[in-house]
Amino acid sequence: MRKKNNSKTVKQAVKPVEVKKEETVAQPVSEPKADAKADVKAEVEKAVEKTAEKVEKAVEKTTEKAAEVKADVKDTVKKTTAKAAKAAKTAKEAKTAKKEPVKPEIIVQYQDREVDTAAVEERVKAQFVAEGHKAGFIRKLSIYIKPEEYSAYYVINDKFSGRVDLF
């Protein structure tokens, strides 16, 4: 057990300890070196330059392709326009040819008489209509002229036949 110390102040002996100071060099912790900033900046600039070069090359390729496509489109348009113009010209020539077919005037002479074949054709059509048929029904018309009998024989659509006087 312990004894009680009745003294009011007790001094304890403390030995002084010598603390050795180490020499330290203060280094800034929060700020990076100026050289490191320059290095990072240079690296970023190089990366930006490389990216810019790649973008420029891509733009050049795209521009070249666009120019090629534009030239191809122009050639195609020119060719198509030329073909269309040729086709229109040919169609126009064909229309004019169809509009103006050459229809010769044929006249049959026998002894002292003569008759125009167009007049004979009109008589045949008039007789066909007089028989009760429609003039638009005629698809094929064949006329046989016999001057010695003073008559013309006809066949319409290989079905109907008849006779008309020539003079």
Peer 1: How long is the straight-line distance from CD of Glu148 back to CD of Gln111, given to the nearest 0.5 Å?
Peer 2: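 Here the interatomic distance stands at 10.0 Å.
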
Peer 1: Report yes if some heavy atom in the side chain of Leu166 is under 4.5 Å from a heavy atom in the side chain of Val108; otherwise report no.
Peer 2: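 They are not in contact (no side-chain heavy atoms under 4.5 Å apart), so the answer is no.
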
Peer 1: Please tabulate, for side-chain N and O atoms in residues 129-147, each donor-acceptor pair with protein atoms closer than 3.5 Å (sequence neighbours left out).
Peer 2:
residue	atom	partner	partner atom	Å
Arg139	NH1	Gly136	O	3.1
Lys146	NZ	Glu149	OE2	3.2

Peer 1: With rounding to the nearest 0.5 Å, note down the distance linking NZ in Lys50 to CD in Glu45.
Peer 2: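 So the gap between those two atoms works out to 13.5 Å.
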
Peer 1: In the structure I gave you, are the side-chain heavy atoms of Glu105 and Asp116 within less than 4.5 Å of one another anywhere?
Peer 2: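 Result yes, sub-4.5 Å side-chain heavy-atom pair found.
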
Peer 1: Is Tyr150 reachable from Val164 through a run of I, L, V, M, F, W or Y residues, each pair having side-chain heavy atoms under 4.5 Å apart?
Peer 2: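 Result: yes, single cluster for both.
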
Peer 1: Side-chain contact, heavy-atom cut-off 4.5 Å: Tyr154 with Phe160?
Peer 2: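 In short, these two side chains do not touch, never coming nearer than 4.5 Å.
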
Peer 1: The criterion is salt bridge (Lys or Arg N to Asp or Glu O under 4.0 Å); which residues satisfy it with Asp165, sequence neighbours excluded?
Peer 2: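 Per chain and number, Asp165 pairs via salt bridge (Lys or Arg N to Asp or Glu O under 4.0 Å) with Arg163.
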
Peer 1: Does the side chain of Val115 come within less than 4.5 Å of Arg123's, by heavy atoms?
Peer 2: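 When only atoms from C-beta onward are counted, Val115 and Arg123 do touch, with a gap below 4.5 Å.
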
Peer 1: For Glu121, what residues pass the salt bridge (Lys or Arg N to Asp or Glu O under 4.0 Å) criterion, not counting sequence neighbours?
Peer 2: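 Expected list: Lys125.
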
Peer 1: Please answer whether the main-chain N or O of Ile106 pairs with a side-chain N or O of Thr117 as donor and acceptor at a distance below 3.5 Å.
Peer 2: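 The answer is yes, because a donor-acceptor pair under 3.5 Å joins these two groups.
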
Peer 1: Applying the 4.5 Å side-chain criterion to the ILVMFWY set and letting contacts propagate, would Ile107 and Phe167 be lumped into a single cluster?
Peer 2: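 Looking at the clustering, Phe167 is in a separate group from Ile107.
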
Peer 1: Taking atom NZ of Lys65 and atom OG1 of Thr63, what is their separation to the nearest 0.5 Å?
Peer 2: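 Reported value, rounded in 0.5 Å steps: 11.0 Å.
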
Peer 1: Find the distance between NZ (Lys83) and OG1 (Thr90) and round it off to the nearest 0.5 Å.
Peer 2: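 Rounded to the nearest 0.5 Å, the NZ-OG1 separation comes out at 13.0 Å.
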
